[in-house]
Visitor: 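Sharing a structure with you now.
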Amino acid sequence: MAFIARRLGAAVLLLGVLSLLSFVLLAAAPGNPENLLLGPRPSTPETRAAIRAQFHLDDPLYERYLSWLGGALHGDFGTSIYTREPVANVITDRLPVTAGLATYALILTVGVGVPLGLAAAMRRGGRLDQGITLTSLVALAVPPFALSILLLYGFAVALGWFPVFGAGETVAERIAHLTLPAVALATSEAAIIVRQMRAAALDLAGQDYLTFARARGLSLPRVWISYALRNAALPVLTVGGLLMAANLTGALFVERAFGLPGLGELLVTAVARKDIPVVQALVLLGGAVVVVVNLLIDLTYLAVDPRVRHGAVAS
Amino acid sequence: KQDRADTLRWALSEVPNSLDIAHGFNNPSTIVQFAVLDCMVTLGKKGEVLPSVAESWTHPDPLTYVFTLREGVKFSDGSPVTAEDAAFSLSRHVDPKVASQAASYVTMVKKVEATGPRTITVTLSRPNQAFLPTAALAWQIVPKKLAEAHPEDLGSPEVGTLGSGPFKVAKFSLTEGVTLERNPLYWGPKPALRKIELKTISDPETLRLAVSSGEADGTADVRPSEARKWTSLRDVTTTFYPADNIAFLSLAVDQGPLKDVHVRRAIAHAVDRAALVQLMTGGHGSQADLFLPKPQLTALYGDAWPALPTYAYDVEAAKAELAKSAYPRGFTLATPYDSGGENVKAMQAVASDLAKIGITLELTPLPSEKYITQRMDHEDLAVQMANLYYSTPDPSEVLPDLLSRASAKPQGFNFSGYGTAALDAELDDVGRLEGEPRQEAITKVLAEVAEQVPYVPLYHNESAFALNKRFTIDAGTWTIDILSAVRPAGS
Amino acid sequence: MTAVSGTPLFGGRVARLRRTRPGFLTVASAVVLALMALAAIGGTWIAPYDPAAQDVALGATMPSWAHWAGTDDLGRDVLSRCLAGARSALLWPVIVTLCTCVMSTTLGLLAGYRRGWLDAIMMRIVDLLIALPGMLVLIVLVGVLGGGIGWAVLALAVLFTPGDIRVVRSLTMAQRELAYAEAARTLGLRPARIMFRHLLPNIAPTVVAGALLSFVAGLVALSGLSFLGIGLPAGTPDWGLMIEENRTLLDLNPWASVIPAALVTIAATAATLLGDRLFERLSDAA
Amino acid sequence: MLLEINELTITGPAGTIVDGVGLTVAAGEMAGLVGESGSGKSLTARAAIGLLPKGLRASGSIRVGGEEIVETAGERVLRGLRGRRVSLLMQDPFSMLNPLRTTGAHIAETMPGRATREEVARRLAEVGIDDPSVAKRYPFQLSGGMRQRVALAAALAGDPELLIADEPTTALDATTQHEILTLLARVQADRGMGVLLITHDLRVAFAICDRVSVMYAGRVLEQGPGTSLAQAPAHPYTAGLLRALPSVEHTLERLTGIPGSVPPAAQVASECAFAARCDHATTRCRASRPPLREIGDGRLTACVNDTVPLLTARDVATGTLPTGSGEPLLVVDDLVKRYGTHTALGGVSLRVAAGETVGLVGESGSGKTTLARSVLGLVTPDQGRIELDGLDISRRRALTRQERARVHRLVQCVFQDPSTSLNPAMTVGATLSEAAARAEPAGRLAPGDLLELVGLPPGYATRRPKGLSGGERQRVAIARALAVRPSLLICDEPVASLDVSVQAHVLELLRRLGRELGTGMLFITHDLAVVRQIAVKTVVLFKGRVVEQGDTATVLDAPAHDYTRRLVAAIP
Ligand SMILES: Nc1ncnc2c1ncn2[C@@H]1O[C@H](COP(=O)(O)OP(=O)(O)OP(=O)(O)O)[C@@H](O)[C@H]1O
Ligand SMILES: Nc1ncnc2c1ncn2[C@@H]1O[C@H](COP(=O)(O)OP(=O)(O)OP(=O)(O)O)[C@@H](O)[C@H]1O
Ligand SMILES: [Mg+2]
Ligand SMILES: [Mg+2]
């Protein structure tokens with residue numbers, strides 16, 4: 001319990017520092033939102049002044065930060081300058097798309113990466129291993145946007161198996177729409193998992209307790225599942241969690257290429273428009289996701305690994 | 001299949017952020033606004049101002065317009081459009097609390113009053129020919145009650161909007177797009193489409209793929225430079241029309257070598273505009289000699305454009321001009337540009353052209369946001385390229401902004417910084433005068449630009465609609481409500 | 001993908017390999033990288049055309065005898081630009097790698113060897129940096145603060161470093177407990193000497209492999225930034241920028257963007273492969 | 001016969017590793033397999049259970065309970081055999097159990113039927129764990145001895161007829177080792193099982209095994225009943241091993257190891273594998289590979305000569321150790337070190353006089369290393385005083401630069417693990433000259449001289465640690481420590497992980513250096529026989545406290561403290 005409390009405390013502190021940093025950084029960045037709001041079109045001084053007042057752009061920095069922080073603590077992240085919607089709504093509107101994409105990609109990543117990694121490890125040095133390793137190397141190296149375009153041309157346009165853009169509305173539609181983006185996103189991540197899993201499994205294969213288990217007559221599948229998978233799960237889980245976190249904020253190339261209205265796309269446009277409340281909330285969200293995922297990973301370690309549970313090793 | 005036939009799926013390259021022109025004065029937003037909201041007046045095929053919600057108007061003196069409201073116009077919720085509504089719909093743009101993006105369009109408006117149950121009187125502070133065409137755009141009629149209740153967020157997805165136009169909003173979401181349905185209470189002819197779904201696809205290539213695969217039926221976001229790719233699509237008709245735009249280089253006349261008119265002329269000679277037209281418009285455009293959008297020139301002069309000095313592409317002539325200046329061997333200029341903008345390629349071509357006469361442009365990429373801020377603050381202007389799009393046929397939407405001394409300051413659009421008292425007076429004339437004298441005044445201004453070269457006009461381009469063959473469109477440069485101009489093929 | 005820092009891709013204990021001749025792929029990777037490095041150094045001389053020379057009137061053309069890889073829409077020779085582009089495409093990731101490597105090795109060694117408050121403070125900072133959503137920070141930093149490639153390189157280095165610091169630190173901590181390190185301390189050697197002469201060579205395999213991975217991640221990330229229009233000035237011959245600039249030419253001369261994309265992929269693959277093999281070899285030799 | 005191995009040959013990528021081994025274990029028999037590290041014991045054991053590591057291939061014949069398992073048996077058959085007929089107990093109790101599973105689960109999953117809690121508790125009781133709550137604990141919560149008991153219970157859970165125990169006690173300290181071996185013998189007798197006990201501890205093998213096979217370079221060189229082997233070895237190799245064995249009863253005058261090191265099996269395929277290291281080797285030994293031949297009494301040997309006297313009186317002559325000058329060199333007073341709530345040292349006082357060697361014995365975790373590290377300045381004690389040659393060094397940070405430099409010249413150390421004692425990235429020469437550079441400029445020795453001092457050829461200076469054997473590495477480590485000419489050398493179990501023969505060499509070297517250089521030593525070990533050979537005085541540490549100290553002879557021959565008595569009793 002003390003462990004969890006300590007972790008939570010650290011997480012909150014971390015988010016606080018993150019929010020302050022990003023706030024100062026964004027405020028210090030050149031440019032004014034009203035320029036973009038008013039676009040490449042003449043404006044009047046009155047309008048500009050009104051906008052500055054409306055968004056408290058002329059208040060001292062610390063005041064702005066404090067009032068923003070006060071709001072944020074109550075779940076109010078201010079109003080988007082560009083769309084005049086509460087930031088919370090702007091984000092929750094787009095969250096399902098990105099969350100769906102991230103989850104889908106993670107399922108693909110793990111579903112493909114773990115078995116392939118295991119297979120490569122079991123056939124270490126063989127044809128299969130070399131094939132998988134090489135493929136994963138290439139997958140790791142393809143720039144994600146190039147891959148997106150390739151998939152788009154191949155499977156959506158030439159073959160017509162998948163829709164070209166958008167996120168779909170019903171569940172079935174959504175799955176169809178998210179398939180190609182998820183593949184584009186999962187490719188390099190699956191490569192990471194393959195490598196991780198392979199290394200973990202190789203590491204494991206040398207462990208005495210696996211030999212001991214087999215020497216006692218445990219069946220091979222049982223040894224792999226209850227011993228190998230479980231023990232290799234932890235390092236893979238760590239990476240998987242971080243990938244999930246990265247997906248939630250880092251999917252922007254893919255979202256852009258597939259016309260998905262997700263958080264990554266939102267970030268790019270919000271940064272371009274200097275829609276500070278949105279960027280600020282997104283940075284915080286991104287930080288929170290990473291922190292929460294880390295926390296969850298810690299908790300899983302706690303659940304899975306008795307050594308951590310009993311404080312025998314530092315996690 | 002019947003309901004597919006009269007449902008249009010339209011693709012936008014950006015999210016419509018507001019259904020109110022006060023907060024969403026941008027292409028994706030206005031295209032939706034005009035389908036939902038009526039304006040007081042509208043534009044005809046040739047750019048002439050036509051009645052709309054205003055049945056008629058009079059212009060008793062240069063400062064006064066009196067509009068008569070059409071009878072029986074109702075908002076889509078059934079409530080009538082009153083003179084109060086109409087008057088408030090214009091005057092709200094002046095209110096600082098609204099902080100309207102259209103505010104600069106109504107600076108000449110002094111007073112708007114409902115002077116009768118069906119009459120609205122507008123008083124201007126100075127005579128301005130641009131007022132009426134501007135009203136076809138900015139004077140969108142919204143219910144006064146609603147607009148008053150939401151000065152800051154009318155048109156946002158939360159508040160939405162209410163109009164008397166041919167369509168009404170069924171759904172407005174920033175992520176899922178906009179759905180419009182036919183407004184049964186519309187006073188005009190019954191709209192041909194029952195339903196319009198608008199989706200956003202920000203990547204231009206994905207957008208094209210979506211239209212070509214039939215997942216989207218049409219779009220207005222066809223980049224001129226990619227025209228050839230669109231015209232080759234099988235089930236898609238791409239209709240081109242002259243855009244109300246002018247692409248130009250601005251030369252900051254108040255600093256460094258650009259102070260020298262010979263340098264400026266040398267630059268004008270050195271730029272290979274024909275090649276630029278090919279590069280940027282893929283043939284769907286033309287070289288610009290006069291410093292006004294092509295449709296405006298046509299509206300103004302018909303076919304008889306004035307013959308003013310022009311600067312043909314001629315490296316020798318350019319070198320000769322440069323030799324007359326204080327910098328015969330050339331010089332170097334730091335040239336920031338918008339790395340996210342459309343002119344990246346054009347700037348490279350220009351830089352390479354100028355390099356031939358010894359002028360080096362050091363291209364410095366800036367993120368759009370930073371670039372625009374810097375440009376609006378009039379920092380590091382030197383040589384800038386811009387391609388400005390306008391919406392009315394009136395030159396006074398263009399010229400004062402680009403040439404008056406008042407807008408040669410930060411936040412103004414006069415990036416060349418060029419300006420004289422005499423020119424300011426001429427620009428006043430352009431706004432004030434009507435008919436033949438006005439035409440002459442404009443010619444004088446254009447002549448001065450041609451002579452002094454604060455700006456180098458580069459090209460005019462065409463815009464296009466791409467539309468699946470299941471639909472047709474009857475629209476052009478001046479069409480305000482594009483969506484209503486689409487109809488199922490064969491109907 | 002680079003956002004996932006803090007996890008070494010070269011996991012755990014690596015079973016010792018027999019000494020074998022380097023395989024075909026290893027040699028091929030080394031050759032490819034060497035050729036690319038050559039192009040980076042002398043690409044502008046070998047190039048058949050001036051990579052900046054335009055012929056706007058010619059426009060984009062398919063490969064021909066005059067232009068083996070065709071031209072882009074400004075009429076520039078794609079082959080020449082690919083050759084010349086090696087320089088900036090490889091140089092910036094190399095700088096990212098060097099920065100990352102130097103920072104993470106020095107700081108990781110310090111933290112892992114000295115422990116105590118220095119370590120505590122450093123690890124808190126590392127935690128903070130790792131919690132930052134990488135790509136997001138990069139976009140915000142570079143997109144808002146300004147377009148220079150310098151910022152992008154710096155930001156990438158700062159993003160890559162904390163993960164590597166953790167790796168180096170934990171390796172250092174393990175090494176410093178080993179008998180040879182303790183013996184060095186007992187001899188009264190200066191800490192700097194122990195860290196750099198004794199511990200560093202023994203964690204070098206991981207550092208080298210990590211460096212190659214940073215290079216790959218930097219290469220891909222920087223080309224990604226070009227995709228978003230951030231970083232290098234337009235017109236610079238650079239693979240990432242070429243992919244983006246010529247993406248619209250897929251019908252006129254697809255090679256103008258396909259070749260640079262392939263080059264990025266090949267360079268990244270070769271570097272990862274080499275990193276893999278080098279790691280196994282170095283840890284085998286130790 | 002439960003296990004019958006015939007002509008077992010194991011080949012790896014680099015060639016043959018095990019070459020024609022024959023071995024049998026009968027029901028109710030405790031068979032022993034001894035041999036130096038790398039001789040192929042473990043591989044033979046793994047082959048017998050069908051679990052050779054990847055990349056290795058077995059040929060020949062192994063019959064488990066009459067069933068042939070080499071090449072013919074598939075995974076199904078093998079799985080039927082494992083656990084039920086034959087089971088394996090491995091060396092390291094710390095890595096043999098799955099860290100994520102409870103001990104109960106380990107036992108339960110191996111049992112044939114459904115495992116009730118009572119049954120699990122019964123199985124635990126069989127291996128001497130009476131507390132049933134242990135079933136719910138995780139391996140990391142148990143001590144090494146407990147883990148090995150649990151592992152034994154798990155290995156026995158399927159009621160195998162044959163247990164292969166691969167060095168089950170090597171990682172444990174002396175007393176625990178004794179307990180586990182006793183337990184193993186008891187269980188074997190109770191169940192009437194066959195046991196193949198693999199060990200490198202000759203004393204253990206000869207004492208408790210009915211029959212012992214001596215392996216060398218992948219071959220069995222000698223076989224026979226343990227006791228007769230110990231008394232009259234019939235192979236020079238066995239004799240060499242016995243000669244190298246330190247005696248616990250008296251200080252030997254000379255400790256003799258076998259010269260040279262074990263060759264790879266593939267290199268000596270067609271000659272007597274031991275010929276190169278054998279004093280009695282003749283051309284006949286090299287001509288062909290001598291087969292195992294019967295010499296009566298149930299004994300077999302692979303030596304062609306049969307008349308050589310293999311053990312001489314000289315091998316057991318008593319010697320003496322230097323007693324030092326009596327001037328105090330190291331004075332430790334009331335030293336306390338705590339790790340959190342755990343007290344590693346609870347007020348330890350001891351003295352080492354100049355030129356004398358003091359042995360420090362104690363069970364695992366008793367604080368021996370902590371004490372050594374405190375003296376070396378690698379840990380800062382919480383309390384107490386360490387004085388070295390009159391200089392108070394308990395607070396290293398408080399010392400001046402010069403004082404610190406002096407301390408580094410006063411005390412040096414040799415650590416236990418030869419595999420990490422040298423920096424793998426530096427050549428031997430670099431390591432040594434770096435150390436020598438820290439010495440007083442006057443008496444600096446070149447790497448070559450240092451190597452000579454520890455009996456290595458100067459050519460080794462260019463080698464890297466990777467190419468050295470464990471014994472050679474320890475020698476280099478000693479040379480490095482001696483490079484600054486320290487007055488005190490701390491040896492933290494420097495021979496614990498070496499084979500007997502190498503151990504003898506290293507011990508003899510240390511004894512010689514102590515004598516010749518007059519270096520005082522604090523020698524940590526848990527092997528009383530080693531203490532007897534090297535230390536004049538002995539300090540017994542128990543749970544962080546000194547429970548007994550005095551002359552080695554007194555402490556070992558007439559132990560006063562209960563713990564010391566147990567320690568002495570644990571010697572096989
Ligand atoms: N997986 C493997 N691949 C190749 N060679 C191996 C493998 N495992 C062991 N060997 C080699 O086989 C030889 C015998 O190893 P083995 O483990 O059987 O020795 P051992 O007698 O058990 O030694 P120790 O007393 O150190 O346990 C060693 O030289 C070792 O290097
Ligand atoms: N760095 C440390 N942190 C926490 N506890 C420690 C540390 N080092 C040693 N200990 C604990 O202190 C006690 C004494 O350890 P020490 O290493 O001195 O024992 P030892 O007598 O050398 O044992 P062994 O014979 O196993 O080497 C042990 O219980 C050990 O767990
Ligand atoms: Mg072994
Ligand atoms: Mg110890």
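Below, each value reflects all heavy atoms present in this structure, side chains not excepted, and no hydrogens, waters or symmetry copies.
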Visitor: Out of B:Ala210, B:Ser213, B:Pro157, return the one with the most heavy atom pairs under 4.5 angstrom to chain A.
Guide: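 The candidate making the most pairs under 4.5 Å is B:Pro157.
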Visitor: List the atom of B:Pro96, the atom of A:Ala50, and the distance in Å for their closest heavy-atom pair.
Guide: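 Minimum heavy-atom contact is O-CB, 2.8 Å.
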Visitor: What option among B:Ala102, B:Ala386, B:Ser202, B:Gly177 has the most heavy-atom pairs under 4.5 Å with chain A?
Guide: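 Looking at each of B:Ala102, B:Ala386, B:Ser202, B:Gly177 in turn, B:Ser202 comes out on top.
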Visitor: Going through the distances and angles, do A:Asp93 and B:Ser173 end up as a side-chain contact (heavy atoms from CB on, under 4.5 Å)?
Guide: CA-CA 8 Å; A:Asp93 252 14; B:Ser173 147; 4.0 Å; yes
Visitor: Which region of A:Pro96, side chain (C-beta onward) or backbone (N, CA, C, O), has a non-hydrogen atom less than 4.5 Å from a non-hydrogen atom of chain B, or is it both or neither?
Guide: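 A:Pro96 has no heavy atom closer than 4.5 Å to chain B.
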Visitor: So which heavy atom on A:Asn89 is nearest to which on B:Glu158, and how close?
Guide: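 Smallest heavy-atom distance, with atoms named: ND2-OE2, 2.7 Å.
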Visitor: Enumerate donor-acceptor pairs with a distance under 3.5 Å from any side-chain N or O in residues 8-16 of chain B to protein atoms, sequence neighbours excluded.
Guide:
| from | atom 1 | to | atom 2 | distance (Å) |
| --- | --- | --- | --- | --- |
| B:Arg9 | NE | B:Asp217 | OD2 | 3.3 |
| B:Arg9 | NH1 | B:Glu215 | O | 3.4 |
| B:Arg9 | NH2 | B:Gly214 | O | 2.9 |
| B:Arg9 | NH2 | B:Asp217 | OD1 | 2.9 |
| B:Glu14 | OE2 | A:Arg273 | NH2 | 2.4 |

Visitor: Roughly how far, to the nearest 0.5 Å, is CD1 of B:Ile201 from CG of A:Leu260?
Guide: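 Going from CG on A:Leu260 over to CD1 on B:Ile201, the span is 10.5 Å.
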Visitor: Would you mind checking which part of B:Tyr371 comes under 4.5 Å of any heavy atom in chain A, side chain (CB onward), backbone (N, CA, C, O), both or neither?
Guide: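 No part of it gets close to chain A.
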Visitor: Look at atom CG of B:Asn27 and say whether more than 12 heavy atoms of other residues, nucleotides or ligands are closer to it than 6.0 Å.
Guide: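 Open: at most 12 neighbouring heavy atoms sit under 6.0 Å from CG of B:Asn27.
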Visitor: Find the distance between CG (B:Leu174) and OG (A:Ser80) and round it off to the nearest 0.5 Å.
Guide: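 Result: 8.0 Å between the selected atoms.
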Visitor: Taking all heavy atoms of A:Thr47 and all of B:Ser100, pick out the closest pair and write down the distance.
Guide: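 Of all heavy-atom pairs spanning A:Thr47 and B:Ser100, the closest is CG2-O, 3.0 Å.
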Visitor: Heavy-atom count check: over 12 atoms from other residues, nucleotides or ligands less than 6.0 Å from B:Lys97 NZ?
Guide: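 Counting other residues, nucleotides and ligands, NZ of B:Lys97 stays at 12 neighbours or fewer.
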